[in-house]
**Student:** 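Quick one: the structure is below, questions incoming.
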Amino acid sequence: MNKEVSLKVKAKFVNKLKGGYPLISKEAISNVADLTDEGTIVKLVDDRNVFIAKGYYGKQNKGLGWVLSRNENISIDQPFFENKLKKAIKERESFFNSSDTTAFRVFNGEGDGIGGLTIDYFAGYYLLTWYSKGIYHFRDDIIRALQGLVEWKAIYQKKRFDEKGQYIEEDDFVAGERGEFPIIVKENGVNFAVYLNETAMVGVFLDQRDVRRTIRDSYANGRTVLNTFSYTGAFSVFAALGGATKTTSVDLANRSRSKTIEQFRVNEIDAETQGIIVEDVFHYFKYAVKKQLTFDMVILDPPSFARSKKFVFSAEKDYKNLLKEAIAITAANGIIVASTNCSTFGMEKFKGFIADAFKETGERYKIVEEFSLPADFKTIKEFPEGNYLKVVFLKKIK
Ligand code: SAH
(Lines give C-alpha, C1' and ligand atoms only; values in the text may rest on other atoms or scores of the structure.)
Protein backbone atom coordinates (compact mmCIF):
# COMPACT_ATOMS: atom_id res chain seq x y z
CA MET A 1 0.00 0.00 0.00
CA ASN A 2 2.68 2.48 1.02
CA LYS A 3 5.75 3.28 -0.92
CA GLU A 4 8.84 3.46 1.23
CA VAL A 5 11.31 6.29 1.10
CA SER A 6 14.92 5.98 2.19
CA LEU A 7 16.11 8.81 4.38
CA LYS A 8 19.81 9.45 4.70
CA VAL A 9 20.82 10.26 8.25
CA LYS A 10 23.65 12.76 8.60
CA ALA A 11 26.75 11.25 10.21
CA LYS A 12 26.53 13.13 13.46
CA PHE A 13 22.95 11.93 14.13
CA VAL A 14 23.54 8.24 13.36
CA ASN A 15 24.59 7.13 16.84
CA LYS A 16 21.76 8.92 18.53
CA LEU A 17 19.16 7.24 16.31
CA LYS A 18 20.91 3.88 16.63
CA GLY A 19 20.83 4.33 20.41
CA GLY A 20 17.05 4.53 20.50
CA TYR A 21 16.21 8.19 19.94
CA PRO A 22 12.70 8.02 18.45
CA LEU A 23 12.26 11.43 16.80
CA ILE A 24 13.21 11.97 13.17
CA SER A 25 14.28 15.58 13.22
CA LYS A 26 14.65 17.74 10.17
CA GLU A 27 18.29 18.56 10.75
CA ALA A 28 19.20 14.87 10.97
CA ILE A 29 18.16 14.11 7.39
CA SER A 30 20.04 15.13 4.25
CA ASN A 31 17.35 14.33 1.65
CA VAL A 32 14.25 15.89 3.19
CA ALA A 33 13.04 16.87 -0.29
CA ASP A 34 12.32 13.21 -1.09
CA LEU A 35 9.41 13.32 1.35
CA THR A 36 6.10 14.18 -0.26
CA ASP A 37 3.15 12.42 1.37
CA GLU A 38 2.62 12.24 5.11
CA GLY A 39 2.06 8.66 6.22
CA THR A 40 4.86 7.40 3.98
CA ILE A 41 6.96 4.67 5.59
CA VAL A 42 10.57 5.79 5.82
CA LYS A 43 13.72 3.76 6.14
CA LEU A 44 16.55 5.53 7.93
CA VAL A 45 19.97 4.61 6.55
CA ASP A 46 23.50 5.84 7.14
CA ASP A 47 25.79 7.23 4.44
CA ARG A 48 26.72 3.70 3.34
CA ASN A 49 23.04 2.77 3.07
CA VAL A 50 23.15 0.57 6.16
CA PHE A 51 19.72 0.25 7.77
CA ILE A 52 19.15 2.06 11.07
CA ALA A 53 15.41 2.13 11.69
CA LYS A 54 11.97 2.27 10.17
CA GLY A 55 9.42 4.95 10.83
CA TYR A 56 6.79 7.19 9.30
CA TYR A 57 6.71 10.67 7.86
CA GLY A 58 4.41 12.96 9.84
CA LYS A 59 5.07 16.64 10.40
CA GLN A 60 4.78 17.75 13.98
CA ASN A 61 6.30 20.83 15.54
CA LYS A 62 8.87 18.45 16.92
CA GLY A 63 10.09 16.99 13.65
CA LEU A 64 9.45 15.01 10.52
CA GLY A 65 8.16 11.83 12.05
CA TRP A 66 8.91 9.00 14.43
CA VAL A 67 10.84 5.77 14.46
CA LEU A 68 8.52 2.76 14.77
CA SER A 69 10.88 -0.20 14.62
CA ARG A 70 14.50 -1.22 14.42
CA ASN A 71 13.60 -4.36 12.52
CA GLU A 72 14.07 -3.88 8.78
CA ASN A 73 11.67 -6.64 7.80
CA ILE A 74 8.66 -5.71 9.90
CA SER A 75 5.59 -4.38 8.11
CA ILE A 76 3.70 -1.48 9.55
CA ASP A 77 0.18 -2.85 9.50
CA GLN A 78 -2.70 -3.70 11.80
CA PRO A 79 -0.86 -6.54 13.60
CA PHE A 80 2.08 -4.19 14.17
CA PHE A 81 -0.15 -1.62 15.86
CA GLU A 82 -1.99 -4.34 17.72
CA ASN A 83 1.23 -5.52 19.34
CA LYS A 84 2.15 -2.04 20.47
CA LEU A 85 -1.33 -1.40 21.89
CA LYS A 86 -1.52 -4.80 23.56
CA LYS A 87 1.72 -4.18 25.43
CA ALA A 88 0.59 -0.71 26.53
CA ILE A 89 -2.77 -2.01 27.73
CA LYS A 90 -1.09 -4.77 29.70
CA GLU A 91 1.11 -2.21 31.43
CA ARG A 92 -2.01 -0.30 32.55
CA GLU A 93 -3.69 -3.37 34.03
CA SER A 94 -3.79 -1.90 37.53
CA PHE A 95 -5.55 1.20 36.15
CA PHE A 96 -8.12 -0.89 34.28
CA ASN A 97 -8.79 -2.84 37.48
CA SER A 98 -9.25 0.24 39.67
CA SER A 99 -12.76 1.36 40.57
CA ASP A 100 -11.36 4.47 42.24
CA THR A 101 -9.74 5.85 39.10
CA THR A 102 -11.53 5.51 35.76
CA ALA A 103 -9.59 8.06 33.71
CA PHE A 104 -6.02 7.46 32.60
CA ARG A 105 -3.68 7.33 29.63
CA VAL A 106 -3.62 4.00 27.83
CA PHE A 107 -1.03 4.89 25.22
CA ASN A 108 1.56 7.63 25.45
CA GLY A 109 3.08 8.27 22.05
CA GLU A 110 6.78 7.52 21.67
CA GLY A 111 6.87 6.27 25.28
CA ASP A 112 4.79 3.32 24.10
CA GLY A 113 6.46 3.03 20.72
CA ILE A 114 4.34 5.19 18.40
CA GLY A 115 5.15 8.88 18.47
CA GLY A 116 2.31 11.20 17.45
CA LEU A 117 -0.53 9.19 19.00
CA THR A 118 -2.01 9.20 22.47
CA ILE A 119 -5.00 7.23 23.73
CA ASP A 120 -6.86 8.17 26.90
CA TYR A 121 -9.52 6.18 28.72
CA PHE A 122 -12.54 7.81 30.32
CA ALA A 123 -14.91 5.32 31.98
CA GLY A 124 -15.41 3.10 28.94
CA TYR A 125 -14.82 5.83 26.35
CA TYR A 126 -11.58 6.01 24.39
CA LEU A 127 -10.10 9.24 23.12
CA LEU A 128 -7.43 9.08 20.43
CA THR A 129 -5.37 12.18 19.72
CA TRP A 130 -3.56 12.35 16.39
CA TYR A 131 -0.67 14.79 16.32
CA SER A 132 0.06 14.69 12.56
CA LYS A 133 -1.55 13.89 9.23
CA GLY A 134 1.09 11.19 8.96
CA ILE A 135 -0.10 9.16 11.94
CA TYR A 136 -3.75 9.86 11.05
CA HIS A 137 -3.04 8.07 7.77
CA PHE A 138 -2.86 4.83 9.80
CA ARG A 139 -6.11 5.47 11.68
CA ASP A 140 -8.10 2.52 10.29
CA ASP A 141 -5.45 -0.03 11.29
CA ILE A 142 -4.98 1.57 14.70
CA ILE A 143 -8.67 1.90 15.52
CA ARG A 144 -9.40 -1.67 14.39
CA ALA A 145 -6.51 -2.91 16.50
CA LEU A 146 -7.84 -1.06 19.55
CA GLN A 147 -11.40 -2.29 19.00
CA GLY A 148 -10.20 -5.88 18.98
CA LEU A 149 -8.31 -5.51 22.27
CA VAL A 150 -10.63 -3.73 24.68
CA GLU A 151 -14.25 -3.29 25.64
CA TRP A 152 -15.38 0.15 24.57
CA LYS A 153 -18.57 2.18 24.66
CA ALA A 154 -17.43 4.68 22.08
CA ILE A 155 -14.34 6.04 20.43
CA TYR A 156 -13.66 9.74 20.04
CA GLN A 157 -10.70 11.50 18.46
CA LYS A 158 -8.93 14.86 18.42
CA LYS A 159 -6.97 15.92 15.39
CA ARG A 160 -4.21 18.29 16.33
CA PHE A 161 -2.63 18.81 12.99
CA ASP A 162 -4.03 21.49 10.73
CA GLU A 163 -1.59 23.83 9.03
CA LYS A 164 -0.81 25.64 12.25
CA GLY A 165 -0.54 22.45 14.31
CA GLN A 166 -3.77 23.42 16.01
CA TYR A 167 -6.80 21.43 17.02
CA ILE A 168 -9.39 20.88 14.27
CA GLU A 169 -12.88 21.61 15.54
CA GLU A 170 -15.30 18.74 14.91
CA ASP A 171 -17.68 16.75 17.05
CA ASP A 172 -14.91 14.16 17.30
CA PHE A 173 -17.09 11.04 17.28
CA VAL A 174 -15.62 7.96 15.59
CA ALA A 175 -17.50 4.79 16.53
CA GLY A 176 -19.82 3.16 19.05
CA GLU A 177 -22.65 4.90 20.81
CA ARG A 178 -22.40 8.65 21.19
CA GLY A 179 -21.85 9.65 24.79
CA GLU A 180 -24.10 11.99 26.69
CA PHE A 181 -21.77 14.63 27.95
CA PRO A 182 -20.60 15.32 30.49
CA ILE A 183 -19.66 11.80 31.41
CA ILE A 184 -18.52 11.47 35.01
CA VAL A 185 -15.16 9.82 35.55
CA LYS A 186 -13.38 9.14 38.82
CA GLU A 187 -9.88 9.96 39.95
CA ASN A 188 -8.83 8.56 43.31
CA GLY A 189 -12.47 8.64 44.32
CA VAL A 190 -13.12 12.20 43.11
CA ASN A 191 -15.57 12.94 40.28
CA PHE A 192 -14.79 14.87 37.13
CA ALA A 193 -17.23 15.99 34.45
CA VAL A 194 -15.63 15.28 31.09
CA TYR A 195 -16.64 16.39 27.59
CA LEU A 196 -15.09 14.49 24.70
CA ASN A 197 -17.03 16.38 22.03
CA GLU A 198 -16.20 20.03 22.64
CA THR A 199 -12.74 21.50 22.34
CA ALA A 200 -9.19 20.23 22.37
CA MET A 201 -9.39 20.13 26.18
CA VAL A 202 -11.84 17.70 27.80
CA GLY A 203 -12.05 19.20 31.30
CA VAL A 204 -9.18 17.56 33.12
CA PHE A 205 -5.46 17.10 32.56
CA LEU A 206 -4.77 13.52 33.56
CA ASP A 207 -1.02 14.03 33.98
CA GLN A 208 -1.56 15.92 37.28
CA ARG A 209 -3.30 13.01 39.01
CA ASP A 210 -0.54 12.32 41.55
CA VAL A 211 -0.15 16.02 42.29
CA ARG A 212 -3.87 16.44 42.95
CA ARG A 213 -3.90 13.48 45.30
CA THR A 214 -0.90 14.78 47.20
CA ILE A 215 -2.53 18.19 47.62
CA ARG A 216 -5.68 16.57 48.97
CA ASP A 217 -4.03 13.99 51.22
CA SER A 218 -1.02 15.86 52.60
CA TYR A 219 -1.27 19.63 52.18
CA ALA A 220 -4.77 21.09 51.90
CA ASN A 221 -6.13 20.56 55.38
CA GLY A 222 -6.75 23.84 57.20
CA ARG A 223 -5.09 25.92 54.49
CA THR A 224 -6.38 28.75 52.35
CA VAL A 225 -5.59 27.89 48.73
CA LEU A 226 -5.10 30.13 45.71
CA ASN A 227 -5.28 28.16 42.45
CA THR A 228 -4.02 30.22 39.52
CA PHE A 229 -4.55 29.33 35.82
CA SER A 230 -7.25 27.14 37.31
CA TYR A 231 -9.14 26.07 34.11
CA THR A 232 -11.94 23.80 35.48
CA GLY A 233 -10.65 24.06 39.05
CA ALA A 234 -9.39 20.47 39.35
CA PHE A 235 -6.76 21.40 41.96
CA SER A 236 -9.34 23.43 43.89
CA VAL A 237 -11.74 20.49 44.06
CA PHE A 238 -9.03 18.23 45.50
CA ALA A 239 -7.93 20.93 47.93
CA ALA A 240 -11.52 21.50 49.11
CA LEU A 241 -12.01 17.75 49.58
CA GLY A 242 -8.75 17.65 51.52
CA GLY A 243 -10.08 20.13 54.04
CA ALA A 244 -8.91 23.49 52.70
CA THR A 245 -10.45 26.38 54.63
CA LYS A 246 -11.29 28.02 51.31
CA THR A 247 -10.16 27.77 47.71
CA THR A 248 -9.88 30.66 45.26
CA SER A 249 -9.62 29.79 41.58
CA VAL A 250 -8.39 32.37 39.07
CA ASP A 251 -8.54 31.98 35.29
CA LEU A 252 -9.17 34.56 32.60
CA ALA A 253 -11.34 32.36 30.38
CA ASN A 254 -15.05 33.08 30.82
CA ARG A 255 -15.90 29.40 30.55
CA SER A 256 -13.82 28.67 33.64
CA ARG A 257 -16.52 29.94 36.01
CA SER A 258 -19.30 27.55 34.94
CA LYS A 259 -16.81 24.73 34.41
CA THR A 260 -15.43 25.16 37.92
CA ILE A 261 -18.91 25.37 39.47
CA GLU A 262 -19.75 22.14 37.65
CA GLN A 263 -16.67 20.30 39.01
CA PHE A 264 -17.55 21.40 42.55
CA ARG A 265 -21.17 20.36 42.03
CA VAL A 266 -20.39 16.83 40.82
CA ASN A 267 -18.44 16.44 44.09
CA GLU A 268 -21.22 17.87 46.23
CA ILE A 269 -19.27 20.93 47.25
CA ASP A 270 -21.21 24.18 47.40
CA ALA A 271 -19.38 26.44 44.94
CA GLU A 272 -20.80 29.46 46.81
CA THR A 273 -18.40 28.70 49.65
CA GLN A 274 -15.41 28.89 47.29
CA GLY A 275 -13.93 31.80 45.34
CA ILE A 276 -14.07 31.69 41.54
CA ILE A 277 -12.57 34.69 39.81
CA VAL A 278 -12.46 35.30 36.06
CA GLU A 279 -9.48 37.57 35.68
CA ASP A 280 -5.93 37.83 34.43
CA VAL A 281 -3.74 36.15 37.05
CA PHE A 282 -1.16 38.95 36.86
CA HIS A 283 -3.86 41.46 37.56
CA TYR A 284 -5.11 39.40 40.47
CA PHE A 285 -1.62 39.30 42.02
CA LYS A 286 -1.52 43.10 42.04
CA TYR A 287 -4.97 43.23 43.62
CA ALA A 288 -3.95 40.70 46.29
CA VAL A 289 -0.83 42.70 47.20
CA LYS A 290 -2.84 45.90 47.42
CA LYS A 291 -5.42 44.26 49.68
CA GLN A 292 -2.63 42.54 51.67
CA LEU A 293 -4.15 39.12 51.02
CA THR A 294 -2.03 36.09 51.79
CA PHE A 295 -2.63 32.37 51.16
CA ASP A 296 -1.32 29.27 52.89
CA MET A 297 -0.97 27.55 49.56
CA VAL A 298 -0.53 29.00 46.07
CA ILE A 299 -0.75 26.75 43.00
CA LEU A 300 0.93 27.87 39.78
CA ASP A 301 0.16 25.85 36.68
CA PRO A 302 0.41 28.20 33.71
CA PRO A 303 0.43 27.19 30.05
CA SER A 304 3.89 27.14 28.43
CA PHE A 305 2.86 30.17 26.43
CA ALA A 306 -0.13 32.49 26.70
CA ARG A 307 -1.12 35.88 25.46
CA SER A 308 -3.70 37.93 27.33
CA LYS A 309 -4.83 41.48 26.60
CA LYS A 310 -2.11 42.98 28.73
CA PHE A 311 0.57 40.33 29.13
CA VAL A 312 2.47 37.74 27.16
CA PHE A 313 3.59 34.85 29.32
CA SER A 314 6.30 32.42 28.27
CA ALA A 315 7.26 29.84 30.87
CA GLU A 316 10.89 29.87 29.83
CA LYS A 317 11.20 33.67 30.13
CA ASP A 318 8.67 34.55 32.79
CA TYR A 319 8.38 31.71 35.30
CA LYS A 320 10.81 33.35 37.69
CA ASN A 321 8.69 36.48 37.80
CA LEU A 322 5.51 34.49 38.22
CA LEU A 323 7.12 32.86 41.27
CA LYS A 324 8.09 36.23 42.69
CA GLU A 325 4.48 37.36 42.46
CA ALA A 326 3.38 34.17 44.23
CA ILE A 327 6.05 34.44 46.94
CA ALA A 328 4.77 37.91 47.79
CA ILE A 329 1.31 36.63 48.72
CA THR A 330 2.25 33.30 50.31
CA ALA A 331 1.97 33.21 54.09
CA ALA A 332 4.94 32.23 56.27
CA ASN A 333 5.32 28.44 56.21
CA GLY A 334 2.99 28.41 53.23
CA ILE A 335 3.33 26.08 50.27
CA ILE A 336 3.85 27.04 46.64
CA VAL A 337 3.09 24.36 44.07
CA ALA A 338 5.15 25.33 41.02
CA SER A 339 4.19 23.37 37.93
CA THR A 340 5.10 23.59 34.27
CA ASN A 341 4.47 21.46 31.21
CA CYS A 342 7.04 23.34 29.14
CA SER A 343 9.23 20.86 27.25
CA THR A 344 11.94 23.31 26.26
CA PHE A 345 13.65 23.13 29.67
CA GLY A 346 14.20 20.40 32.24
CA MET A 347 13.98 20.06 36.02
CA GLU A 348 17.44 21.50 36.69
CA LYS A 349 16.68 24.72 34.89
CA PHE A 350 13.24 24.91 36.52
CA LYS A 351 14.83 24.63 39.95
CA GLY A 352 17.17 27.40 38.86
CA PHE A 353 14.18 29.70 38.22
CA ILE A 354 12.92 28.83 41.70
CA ALA A 355 16.27 29.54 43.35
CA ASP A 356 16.58 32.87 41.51
CA ALA A 357 13.07 33.96 42.39
CA PHE A 358 13.63 33.35 46.11
CA LYS A 359 17.03 34.96 46.01
CA GLU A 360 15.66 38.10 44.40
CA THR A 361 12.83 38.37 46.94
CA GLY A 362 15.15 37.69 49.88
CA GLU A 363 12.96 34.81 51.09
CA ARG A 364 13.99 31.26 51.98
CA TYR A 365 12.43 27.98 50.94
CA LYS A 366 12.70 24.25 51.12
CA ILE A 367 11.69 21.77 48.43
CA VAL A 368 9.25 19.33 50.04
CA GLU A 369 7.89 17.36 47.09
CA GLU A 370 8.74 16.73 43.41
CA PHE A 371 6.80 15.18 40.55
CA SER A 372 7.20 14.36 36.90
CA LEU A 373 4.75 12.42 34.71
CA PRO A 374 2.72 9.64 36.34
CA ALA A 375 3.22 5.97 35.42
CA ASP A 376 0.50 5.83 32.76
CA PHE A 377 2.23 8.66 30.87
CA LYS A 378 5.04 6.31 29.98
CA THR A 379 8.28 7.86 28.79
CA ILE A 380 11.58 6.41 27.60
CA LYS A 381 15.03 7.38 28.79
CA GLU A 382 16.22 7.86 25.21
CA PHE A 383 13.75 10.75 24.86
CA PRO A 384 13.93 12.76 28.07
CA GLU A 385 12.11 15.71 26.49
CA GLY A 386 9.01 13.48 26.43
CA ASN A 387 8.91 13.76 30.22
CA TYR A 388 7.73 17.36 30.06
CA LEU A 389 5.95 17.72 33.42
CA LYS A 390 7.81 19.28 36.31
CA VAL A 391 6.08 19.99 39.61
CA VAL A 392 7.86 21.21 42.74
CA PHE A 393 6.23 21.85 46.13
CA LEU A 394 8.07 24.59 48.00
CA LYS A 395 7.74 25.60 51.58
CA LYS A 396 8.38 29.23 52.32
CA ILE A 397 10.43 29.26 55.52
CA LYS A 398 11.36 32.04 57.87
N1 SAH B 1 -4.13 24.25 36.10
C2 SAH B 1 -5.18 23.75 35.22
C3 SAH B 1 -4.80 23.72 33.78
C4 SAH B 1 -4.36 25.05 33.24
S5 SAH B 1 -4.63 25.21 31.55
C6 SAH B 1 -5.62 22.36 35.68
O7 SAH B 1 -4.99 21.78 36.55
O8 SAH B 1 -6.59 21.84 35.15
C9 SAH B 1 -4.17 26.87 31.34
C10 SAH B 1 -5.25 27.85 31.76
O11 SAH B 1 -4.61 29.11 31.91
C12 SAH B 1 -6.37 28.05 30.75
O13 SAH B 1 -7.60 27.76 31.35
C14 SAH B 1 -6.28 29.54 30.38
O15 SAH B 1 -7.54 30.15 30.25
C16 SAH B 1 -5.54 30.11 31.57
N17 SAH B 1 -4.78 31.36 31.36
C18 SAH B 1 -3.87 31.63 30.41
N19 SAH B 1 -3.31 32.85 30.62
C20 SAH B 1 -3.88 33.36 31.74
C21 SAH B 1 -3.73 34.56 32.47
N22 SAH B 1 -2.87 35.51 32.10
N23 SAH B 1 -4.47 34.72 33.59
C24 SAH B 1 -5.36 33.77 33.98
N25 SAH B 1 -5.53 32.62 33.34
C26 SAH B 1 -4.81 32.40 32.23
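Read the numbers this way: they start at 1 and go in the same order the structure lists the ligands and their atoms. Residue indices begin at 1 and follow the sequence shown. Keep in mind the model is a prediction, meaning the values are calculated, not measured.
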**Student:** Quickly, which of Y131, F377, F107 forms a side chain to side chain contact (heavy atoms under 4.5 Å, CB included) with T118? Name it, please.
**Tutor:** Y131
**Student:** Around atom 23 (N) of ligand 1, find the nearest protein heavy atom and jot down its residue, atom name and distance.
**Tutor:**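 Result: V281 N, 2.9 Å.
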**Student:** Side chain, backbone, both or neither: which part of R255 has a heavy atom under 4.0 Å from ligand 1?
**Tutor:** side chain
**Student:** Is K320 salt-bridged to E360, cutoff N-O under 4.0 Å?
**Tutor:** yes
**Student:** Check each of K86, R105, K90, R92 against D112 using the salt bridge (Lys or Arg N to Asp or Glu O under 4.0 Å) test, and report the only one that passes.
**Tutor:** R92
**Student:** Hey, which of E385, K349, E316 is the one that makes side-chain hydrogen bond (donor to acceptor under 3.5 Å, both in side chains) with T344?
**Tutor:** E316
**Student:** Go through it in stages, so that I can follow the logic: the residues are D280 and F311, the test is side chain to side chain contact (heavy atoms under 4.5 Å, CB included), and I'd like the CA-CA distance, side-chain angles, deciding distance and then a yes or no.
**Tutor:** CA-CA 9 Å; D280 194 308; F311 303 95; 3.5 Å; yes
**Student:** Quick one: look up the protein heavy atom nearest atom 8 (O) of ligand 1 and list residue, atom name and how far away it is.
**Tutor:**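 Protein heavy atom at minimum distance: Y231 CD2, 3.4 Å.
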**Student:** Among K159, Q157, K158, which residue meets the side-chain hydrogen bond (donor to acceptor under 3.5 Å, both in side chains) test with D172?
**Tutor:**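 Result: among K159, Q157, K158, K158 is the only option passing the side-chain hydrogen bond (donor to acceptor under 3.5 Å, both in side chains) with D172.
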**Student:** Of the options T248, T260, N227, which is the one that meets S236 in a side-chain hydrogen bond (donor to acceptor under 3.5 Å, both in side chains)?
**Tutor:**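 The side-chain hydrogen bond (donor to acceptor under 3.5 Å, both in side chains) with S236 is passed solely by N227 among T248, T260, N227.
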**Student:** At under 4.0 Å between heavy atoms, is it the side chain or the backbone of F235 that contacts ligand 1, or both, or neither?
**Tutor:** side chain
**Student:** Ring pair (Phe, Tyr, Trp, His ring centres under 6.0 Å) with Y219: which of F393, F235, F238?
**Tutor:** F393
**Student:** Where on F205 is there a heavy atom closer than 4.0 Å to ligand 1, on the side chain, on the backbone, on both, or on neither?
**Tutor:**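 Side chain only.
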**Student:** Nearest to atom 15 (O) of ligand 1, what protein heavy atom do you find, and at what distance?
**Tutor:** D251 OD1, 2.7 Å
**Student:** What do we get for Q208 next to ligand 1 when only non-hydrogen atoms under 4.0 Å count, side chain, backbone, both or neither?
**Tutor:** neither
**Student:** Atom 1 (N) of ligand 1: which protein heavy atom is closest, and how many Å away?
**Tutor:**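 I find the closest protein heavy atom is D301 OD2, 2.7 Å.
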**Student:** Measure the acute angle between the ring planes of F181 and Y195, then classify it against the limits of 30° and 60° as parallel, tilted or perpendicular.
**Tutor:** tilted
**Student:** State the atoms of ligand 1, each with its element, that fall below the 4.0 Å cut-off from a heavy-atom position in D280.
**Tutor:**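 Every atom of ligand 1 under 4.0 Å from some heavy atom of D280: 21 (C), 22 (N), 23 (N).
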**Student:** Tell me, which protein residue and heavy-atom name are nearest atom 19 (N) of ligand 1, and how many Å apart are they?
**Tutor:** A306 CB, 3.6 Å
**Student:** Within a distance under 4.0 Å of any heavy atom of E279, pick out the atoms of ligand 1 and give their elements.
**Tutor:** 23 (N), 24 (C)
**Student:** Starting from atom 2 (C) of ligand 1, what is the nearest protein heavy atom, named by residue and atom, and what distance separates them?
**Tutor:** F229 O, 3.3 Å
**Student:** Give the residue and atom name of whichever protein heavy atom lies nearest to atom 25 (N) of ligand 1, and the separation in Å to one decimal.
**Tutor:**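 Going by distance alone, atom 25 (N) of ligand 1 is nearest to L252 N, 3.1 Å.
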**Student:** By number and element, which atoms of ligand 1 are closer than 4.0 Å to a non-hydrogen atom of P303?
**Tutor:** 9 (C), 11 (O), 18 (C)
